[in-house]
Amino acid sequence: MPLLTRRNLLKASAVAGAYGVGISVAGKFGLAEAAPEPQVLKALKTQATLTDAGATRNIMTWANPGGGAGMPPVLRMTKGKPYAARLTNTLDEPTTIHWHGLRIPNKMDGVPFMTQPYVYTGDSFDYAFTPPDAGTFWYHPHCNTLAQMGQGMTGVIVVEDPADPTFDSEVVLNLRDWRLGGDGQFIASFRPRDAAKTGTYGTVRTANWHQEPQYDAPAGGLIRLRIAVTDVTRIFSLKMEGAEATVIAIDGNPVPKRFPLDLLLIGPGQRLDLAVRMPDAEGAVATLEDIRGTTPKTIAKLRSVGTSLKRDVGDLAALAENPVAKADLSLAQKISVVLSATAENAPVDSICGTLGYSFWAINKVPWPGDTNDPTAPLAELKLGKSYVLQLENVTPHTHPIHLHGMSFTVLSSSTRDVMPLVTDTYLVQPDEKVQLAFVADNLGDWLLHCHIIEHQKTGMTSYVRVV
Ligand SMILES: [Cu+2]
């Protein structure tokens with residue numbers, strides 16, 4: 001059964017629509033492009049083979065009806081074209097879908113109680129939006145997240161730009177760990193003492209739900225390697241052995257100047273697009289490695305096949321910038337955001353899954369999980385105005401801080417030289433102060449939180465309100 005891709009959907013709807021009234025009415029009155037048939041994403045519990053110990057039970061994922069229930073499908077969208085998905089929930093708990101990094105209307109953002117109601121067992125919810133930006137993004141629930149994401153619900157989104165440069169091949173990597181025991185079954189999702197530090201690491205690492213998978217790619221060809229770190233905890237330091245790898249985009253947005261991949265830190269929630277120039281020799285293998293920690297770990301391998309295409313990364317045209325508004329720094333109001341630890345206190349009841357602890361705070365306020373009684377917004381922003389988040393990390397740990405609904409530009413850091421990257425997630429280092437500028441051009445309440453899920457769920461969550 002082929003995946004129900006957007007391309008297939010478009011083909012199918014073009015055939016059906018040619019004789020239908022929908023197209024002619026839209027044409028006659030010059031209406032906007034009709035919304036496509038929704039791609040059905042059925043949330044379900046299943047089992048999957050992740051280790052040699054046999055099938056792991058209680059895996060959670062989404063499946064296309066009729067398709068296999070493995071890794072969540074890579075969703076393909078096109079920049080500027082309407083997309084629709086229907087979430088149907090067959091889990092025994094509520095869920096939602098958040099589209100990480102997509103700048104879409106607030107009611108599509110997938111945060112329970114803040115932007116939409118729960119999608120209960122047996123219910124469905126229709127998402128429809130037009131992605132304004134091209135690049136690599138991802139999707140996950142925003143509900144009981146340590147369990148639902150930890151047990152499988154993290155998928156990659158590719159938003160194509162028809163004007164993208166031509167590669168000889170594309171490989172998408174969904175990087176994540178699993179907390180499994182020796183019998184291949186889930187163990188406790190976290191340890192409180194680790195949640196109060198780096199977060200609790202998984203025991204089995206995978207790329208696309210396989211350990212150290214190998215993919216064939218044309219010898220001497222240019223490969224677009226799209227990497228999404230969808231793990232709940234792990235920060236990677238990435239390196240490519242055996243092939244030239246050039247960073248072309250980070251977090252969905254083209255880098256201002258391309259550079260060779262060399263131990264780049266990528267945290268949970270972040271994405272990296274590489275142009276990999278495959279070795280000329282047939283059978284040669286290039287290895288993507290994680291150097292963070294004591295021993296380098298292989299993440300995935302690419303093997304050259306066929307006669308060399310003799311391509312040159314210098315021939316690759318630039319990626320188009322995404323249409324993200326530029327902040328007016330002369331008028332921008334500054335917003336102070338201090339990330340700190342907090343004293344462990346009685347956890348507030350949460351209806352969307354609480355971990356039962358408070359370890360972290362934003363501006364001294366811990367907000368434990370996705371409660372139905374959120375504290376006041378961190379700041380109220382005026383639509384269309386420019387702002388600078390002055391983010392300060394006074395903890396001894398690294399935090400990938402993610403803003404929903406809007407992208408910001410990295411202006412400066414107190415500890416290192418930074419590129420003026422446009423992004424939705426900034427990996428803030430211990431004792432670092434960083435300035436992030438953006439235009440508040442999307443109405444609604446938008447979460448600002450750490451993407452180490454244990455940190456998010458034990459206090460490092462807040463939100464801004466755009467009115
Ligand atoms: Cu954190």
Worksheet item: For R57, what residues pass the salt bridge (charged side-chain N to carboxylate O under 4.0 Å, His left out) criterion, not counting sequence neighbours?
Response: none
Practice prompt. Could you tell me which residues satisfy side-chain hydrogen bond (donor to acceptor under 3.5 Å, both in side chains) with Y387, sequence neighbours excluded, listed by chain and number?
Written response: none
Practice prompt. Report the residues that fulfil side-chain hydrogen bond (donor to acceptor under 3.5 Å, both in side chains) with S413, sequence neighbours left out, ordered by chain and then residue number.
Written response: T415, E432
Item to complete: Would you confirm whether N208, through its side chain, and H210, through its main-chain N or O, come within 3.5 Å as a donor-acceptor pair?
Response: no
Practice prompt. Check the side chains of H404 and T115 for a donor-acceptor pair under 3.5 angstrom, ignoring hydrogens and angles.
Written response: no
Worksheet item: Angle class for the Y139/W62 ring planes (parallel below 30°, perpendicular above 60°, tilted otherwise)?
Response: tilted
Worksheet entry | Pair listing, salt bridge (Lys or Arg N to Asp or Glu O under 4.0 Å) test, anchored in residues 106-121, at least two apart | none
Item to complete: For the residue pair H140 and H98, categorise the inter-ring angle as parallel (less than 30°), tilted (30 to 60°) or perpendicular (more than 60°).
Response: perpendicular
Discussion item. Taking ring-ring contact (aromatic ring centres under 6.0 Å, His included) as the criterion, tell me which of H451, H449, H142 meets it with H100.
Written reply: H451
Show every donor-acceptor pair shorter than 3.5 Å between a side-chain atom in residues 252-267 and any protein atom, with sequence neighbours excluded, or say none if there are none.
from : atom 1 : to   : atom 2 : distance (Å)
N253 : OD1    : N322 : ND2    : 2.9
N253 : ND2    : D251 : O      : 3.3
N253 : ND2    : V422 : O      : 3.0
R258 : NH1    : L316 : O      : 3.1
R258 : NH2    : A317 : O      : 2.8

Discussion item. Checking side-chain polar atoms at under 3.5 Å, does T95 have a donor or acceptor matched by the opposite partner on N89?
Written reply: no
Practice prompt. Only counting residues at least two apart or in another chain, list the ones meeting salt bridge (charged side-chain N to carboxylate O under 4.0 Å, His left out) with R179.
Written response: none
Fill in: Side-chain (E454) to main-chain (T200) donor-acceptor, under 3.5 angstrom
yes
Worksheet item: CZ/F408 to CG/L389 distance, rounded to the nearest 0.5 angstrom?
Response: 7.0 Å
Practice prompt. Not counting sequence neighbours, list each pair that qualifies as a side-chain hydrogen bond (donor to acceptor under 3.5 Å, both in side chains) and has a residue in residues 436-447.
Written response: D445-R465
Worksheet item: So, S386 versus D328: side-chain donor-acceptor pair below 3.5 Å or not?
Response: no
Worksheet item: Salt bridge check: are R271 and D424 linked by an N-O gap of less than 4.0 Å?
Response: yes
Discussion item. Distance check, rounded to the nearest 0.5 Å: H402 atom NE2 versus L447 atom CG?
Written reply: 8.0 Å
Worksheet item: Any chance the side chains of W178 and T206 put a donor and an acceptor closer than 3.5 Å?
Response: yes
Discussion item. Please tell me whether Q435 and S412 have a donor and an acceptor in their side chains that are separated by less than 3.5 angstrom.
Written reply: yes
Worksheet item: Taking the inter-plane angle between the rings of F113 and Y118 on a 0 to 90° scale, is it parallel (under 30°), tilted (30 to 60°) or perpendicular (over 60°)?
Response: perpendicular
Worksheet item: For K239, which residues count as a side-chain hydrogen bond (donor to acceptor under 3.5 Å, both in side chains) partner, sequence neighbours excluded?
Response: E241
Response to the item:
Sorted by chain and residue number, the salt bridge (charged side-chain N to carboxylate O under 4.0 Å, His left out) partners of K297 (sequence neighbours excluded) come out as none
Discussion item. Test of understanding: with salt bridge (charged side-chain N to carboxylate O under 4.0 Å, His left out), list the residues that count as partners of R205, not counting sequence neighbours.
Written reply: D290
Response to the item:
Residues at least two apart in sequence or cross-chain that pass side-chain hydrogen bond (donor to acceptor under 3.5 Å, both in side chains) with E289, listed by chain then number, are none
Worksheet item: Restricting to pairs with a member in residues 208-220, which pass salt bridge (Lys or Arg N to Asp or Glu O under 4.0 Å), not counting sequence neighbours?
Response: D216-R303
